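The structure under discussion is supplied below as structure tokens; questions concerning it will follow.
Here the structure is a predicted model, which is why all the values come from computation and not from measurement.
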Amino acid sequence: MIDLRSLREDPDRLRASQRARGEDDSVVDTLLDLDGRRRSALSAFETLRAEQKTVGKSVSRAQGEERAELLARAKDLAAQVKSAEAEAEKLGRELDSALEGVSNLVEEDAPLGGEDDYVVLAEVGEKPSFDFTPRDHLELGELLGAIDVERGAKVSGARFFFMRGAGARLQLGLLNMAMQQAIEAGFIPMITPVLVKPEAMRGTGFHIAHDKEIYRLPEDDLYLVGTSEVPLAAYHGNEILDGATLPLRYAGWSSCFRREAGSYGKDTRGIIRVHQFDKVEMFSYCRPEEAREEHQRLLDWEKEMLAKIEIPYRVIDVATGDLGTSAARKFDCEGWIPSQGRYRELTSTSNCTDFQARRLAIRSRDKDGKPQAVATLNGTLATTRWIVAILENHQQADGSVVVPKALRPYVGLDVLEPVKS
RNA sequence: GGUGGAGUCGCCUAGUGGCCGAGGGCGCACGCCUCGAAAGCGUGUGAAGGGCAACCUUCCGUGGGUUCAAAUCCCACCUCCACCGCCA
């Protein structure tokens, strides 16, 4: 949620941000208008309410005729208060819903433009060259008895799969390695709920009503999370955090659920784009003035993980038009996928500044002891999708796959061998 | 799922319609006392919003309702605890 006070002071900043995102900037005028009307309605209500309280008290002290008179006046006031309050509340609701539709202010130096206007910040590692025709991850996964999409479809439908044997071991090992790295860096490990209330979803910046990605359980008014960012953000909702504990960092392990509506025909093969996968996510609460440095730290931890699986990747600075609702800035790390001859997203780290914290009422005390919304940031440490990159980049001619050194202790295997030929 | 009990300012608690714009204790902060500390004494001590100064309004689990007036009465819901039933 945008801060109304700073909006009043500098409306042009939001206008510019809206334009950078390719979103409507006239919402600024709507907000200013609603805000002004709400404030005057509120002050009208408050004046009436104060009078009503005074009169009400004198009723209890008065006797006889005077009492009857006061009572009549109080009755009249009560009606006025009721309608003044209703008016202020109505405007408040209109303001809130207008506000909920507004995305976070973008960081000034984020690249302008849409999906294709990202800026490549770095390319790391060398792309493998094979003296045989490389297999894609699904072919490898089937050869190794590691991935079973056919039975996934049989049991649950398209975009579902089973991780089995070496595949299951690889995923458990990978995510354990991510958890271990996070713990060593001082993160608090968490296994989170995957079903959350609507306010957790909304507070994190997802639009429950429109978002086609979200699985819903209407009977219980619960929502399956697409990332543990949601429960980790909502975890400290309505709390005032002790400033001395910041930055407060959590590493959440959860399954993630995405409907992938509208992606028909895209990435239909294998496990690149699926309805359910597992992820270890970093989540950080910090002081707003430290958010940009923290963002770099999260990116560094992602790079550290990527280095451990020894695959080539690049880092991109995502353009303003391609940022999520809550993100002010976003860096993605994309791993090289030999079978596709291109990079695919493996991690994503967003600085959400105080946008989520304001929605979720997560604060800490500033220098003067006044509560102030904290900044929240998130970043990927590992996901099921990483297995695609690992299998493809480390494959050998016979279909076996060399397990990256760092991962071996976690997987318990040096090489994954085909179970059939 | 059923029955019963409970939810008050960080914690404990007082409070059964106007004296509650919430009292007390603990904790915390500051001051006095002290060589220093403890004890003792005194003062202060929530959040949100509006003027942005005095001050005003809202918040006693949440949402409705009754009333001139609700922490207090009524209804629904949520959470927690206990017991029962069912169940991985």
Side-chain angles (χ1 to χ4, degrees), chain A residues 1-10 31-100 155 191 193-203 208 217-223 231 234-246 248 255 285 288 354-374:
Chain A
M1 190 170 25
I2 292 298
D3 180 29
L4 268 179
R5 281 190 220 193
S6 42
L7 174 65
R8 278 175 217 147
E9 282 164 25
D10 187 6
L31 287 172
L32 289 174
D33 173 56
L34 277 170
D35 177 49
R37 281 159 62 204
R38 190 194 74 105
R39 277 189 294 159
S40 56
L42 197 59
S43 127
F45 155 69
E46 285 176 356
T47 309
L48 281 167
R49 178 74 174 140
E51 194 182 346
Q52 182 196 28
K53 283 171 119 175
T54 315
V55 173
K57 267 176 197 170
S58 56
V59 167
S60 62
R61 287 191 297 269
Q63 293 290 324
E65 221 171 277
E66 195 196 350
R67 188 185 168 91
E69 248 172 60
L70 282 171
L71 211 57
R73 202 173 140 215
K75 220 165 192 161
D76 183 47
L77 268 173
Q80 288 184 54
V81 165
K82 203 169 181 178
S83 74
E85 186 176 22
E87 178 66 12
E89 278 178 357
K90 185 186 137 231
L91 287 166
R93 278 193 302 274
E94 284 176 28
L95 180 61
D96 286 345
S97 78
L99 215 46
E100 190 166 345
V155 173
I191 297 169
V194 294
L195 285 167
V196 299
K197 295 181 184 179
E199 54 264 37
M201 219 53 167
R202 264 198 301 270
I208 288 175
L217 281 77
E219 189 129 348
D220 300 283
D221 200 19
L222 289 171
Y223 302 80
Y235 185 67
H236 284 299
N238 291 308
E239 292 181 21
I240 297 177
L241 303 175
D242 179 356
T245 65
L246 300 177
L248 188 53
S255 291
Y285 299 86
D354 57 359
F355 186 85
Q356 293 177 329
R358 193 168 284 113
R359 286 191 179 202
L360 291 162
I362 306 165
R363 293 156 293 173
S364 72
R365 299 195 183 275
D366 63 15
K367 292 167 206 74
D368 306 320
K370 290 274 169 246
Q372 173 196 37
V374 300

For B/A53, what is the paired nucleotide under Watson-Crick or G-U wobble rules, both distances under 3.5 Å?
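Partner of B/A53: none found under 3.5 Å.
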Looking at B/C19, which nucleotide sits across from it as a Watson-Crick or G-U wobble partner, both distances under 3.5 angstrom, or is there none?
none
Using Watson-Crick or G-U wobble geometry with both distances under 3.5 Å, which nucleotide pairs with B/C86?
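None - no nucleotide pairs with B/C86, as no candidate has both distances under 3.5 Å.
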What does A/L71 touch in the nucleic acid at a heavy-atom separation under 4.0 angstrom: a base, only the sugar-phosphate, or nothing?
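Since a base atom lies under 4.0 Å of A/L71, the category is base.
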What is the pairing partner of B/A14, taking Watson-Crick or G-U wobble pairs with both distances under 3.5 Å in any strand?
none
Applying a 4.0 Å non-hydrogen cut-off, can you work out what A/R363 is touching in the nucleic acid: base, sugar-phosphate, or nothing?
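Counting heavy atoms under 4.0 Å across all strands, the contact made by A/R363 is with sugar-phosphate only.
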Tell me: CG of A/N238 to C1' of B/A48, nearest whole Å?
12 Å
Check the phosphate of B/A69 against A/Q52, side-chain N and O only, distance under 4.0 Å to OP1 or OP2. Yes or no?
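Indeed, a polar side-chain atom of A/Q52 lies that close.
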Considering only B/C68, B/U57, B/A47, which nucleotide approaches the side chain of A/E46 most closely?
B/U57
Separation of B/G49 C1' from A/L99 CG (nearest whole Å):
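Going from A/L99 (CG) to B/G49 (C1'), I get 14 Å.
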Need the pair for B/C32. Rule: Watson-Crick or G-U wobble, both distances under 3.5 Å, any strand; none if unpaired.
B/G40
Using the P atom in both, what is the distance from B/A53 to B/C35, to the nearest Å?
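Approximately 43 Å lies between the P atom of B/A53 and that of B/C35.
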On a whole-Å scale, what distance lies between the P atoms belonging to B/G15 and B/C73?
13 Å
Without decimals, in angstroms, what is the distance between A/E85 CD and B/U67 P?
16 Å
Does the pair A/E51/A/R73 count as a salt bridge with the N-to-O cut at 4.0 Å?
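A salt bridge is present here (some side-chain N lies under 4.0 Å from a carboxylate O).
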Using modelled atom types only, decide if a donor and an acceptor are shared between the side chain of A/T245 and the backbone of A/L241 within a distance under 3.5 Å.
no
I need the CD-C1' distance between A/E9 and B/C52, as an integer number of Å.
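Distance, rounded to whole Å: 12 Å.
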Would you say the side chain of A/N238 lies within less than 4.5 Å of the side chain of A/I362, judging by non-hydrogen atoms?
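Side-chain contact under 4.5 Å: no.
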Pick the P atom in B/G61 and in B/G7, then give their distance to the nearest Å.
8 Å
If you check the A/A78 side chain, which of B/G49, B/A69, B/U57 turns out closest?
B/A69
If B/U66 has a Watson-Crick or G-U wobble mate with both distances under 3.5 Å, name it; if not, just say none.
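Pairing partner, where one exists within any strand: none, as none qualifies.
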Just checking, any donor-acceptor pair under 3.5 angstrom between side chains of A/R49 and A/Q52?
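Yes - a donor-acceptor pair under 3.5 Å links their side chains.
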Can you tell me the distance, in whole Å, between the CG atom of A/D220 and the C1' atom of B/C77?
15 Å
Short side-chain to backbone donor-acceptor contact, A/R358 and A/M1, under 3.5 Å
yes
For A/E89 and A/S43, find the nucleotide of RNA chain B closest to each by heavy atoms; which residue's nucleotide sits nearer the 5' end?
A/S43
Nearest-nucleotide wise, let me know which of A/D3 and A/T47 is further upstream toward the 5' end of RNA chain B.
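The 5'-side residue here is A/D3.
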Under 4.0 Å between a side-chain N/O of A/R39 and OP1 or OP2 of B/G51, yes or no?
yes
If we take the C1' atom in both B/U3 and B/C56, what is their distance in whole Å?
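Pairwise C1' distance, B/U3 against B/C56, rounds to 47 Å.
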Flag side-chain contact, heavy atom, 4.5 Å: A/V196 against A/L222
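The answer is no; the side chains never approach within 4.5 Å.
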Mind checking the P distance from B/U13 to B/C20? Whole angstroms is fine.
22 Å
With both distances kept under 3.5 Å, what pairs with B/C59, Watson-Crick or G-U wobble?
B/G46
Counting only Watson-Crick or G-U wobble pairs whose two distances fall under 3.5 Å, which nucleotide matches B/U79?
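Base partner found: B/A6.
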What distance, rounded to whole Å, do you find between the two P atoms, one in B/U43 and one in B/C75?
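Those two atoms are separated by 44 Å.
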Give a yes/no answer on whether the side chain of A/K53 brings an N or O atom under 4.0 Å of OP1 or OP2 in B/U58.
yes
Could you check how far NZ of A/K197 sits from C1' of B/C77, rounded to whole Å?
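It works out to 11 Å between those atoms.
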Hey, does A/R8 reach any base, or is it just sugar-phosphate, or nothing, if we go heavy atoms under 4.0 Å?
sugar-phosphate
Rounding to the closest angstrom, what is the interatomic distance between B/A69 and B/G21 at atom P?
15 Å
How many whole angstroms separate atom CG of A/L95 from atom P of B/G49?
12 Å
Would you please confirm or rule out a distance under 4.0 Å between OP1 or OP2 of B/A47 and any side-chain N or O of A/R365?
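Yes, A/R365 has a side-chain N/O under 4.0 Å of OP1/OP2 on B/A47.
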Does A/R202 offer a backbone N or O that forms a donor-acceptor pair with the side chain of A/R359 under 3.5 Å?
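Yes, A/R359 side chain to A/R202 backbone: donor-acceptor pair under 3.5 Å.
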Under a 4.0 Å threshold between the charged nitrogen and the carboxylate oxygen, would A/D221 count as salt-bridged to A/K197?
no
Which nucleotide wins on minimum distance to the side chain of A/R5, given the candidates B/G49, B/A69, B/G21?
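Among B/G49, B/A69, B/G21, the one nearest the side chain of A/R5 is B/G49.
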Counting heavy atoms from C-beta on, name the nucleotide in B/G50, B/A47, B/U58 closest to the side chain of A/F45.
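Ranking B/G50, B/A47, B/U58 by closest atom to the A/F45 side chain puts B/U58 first.
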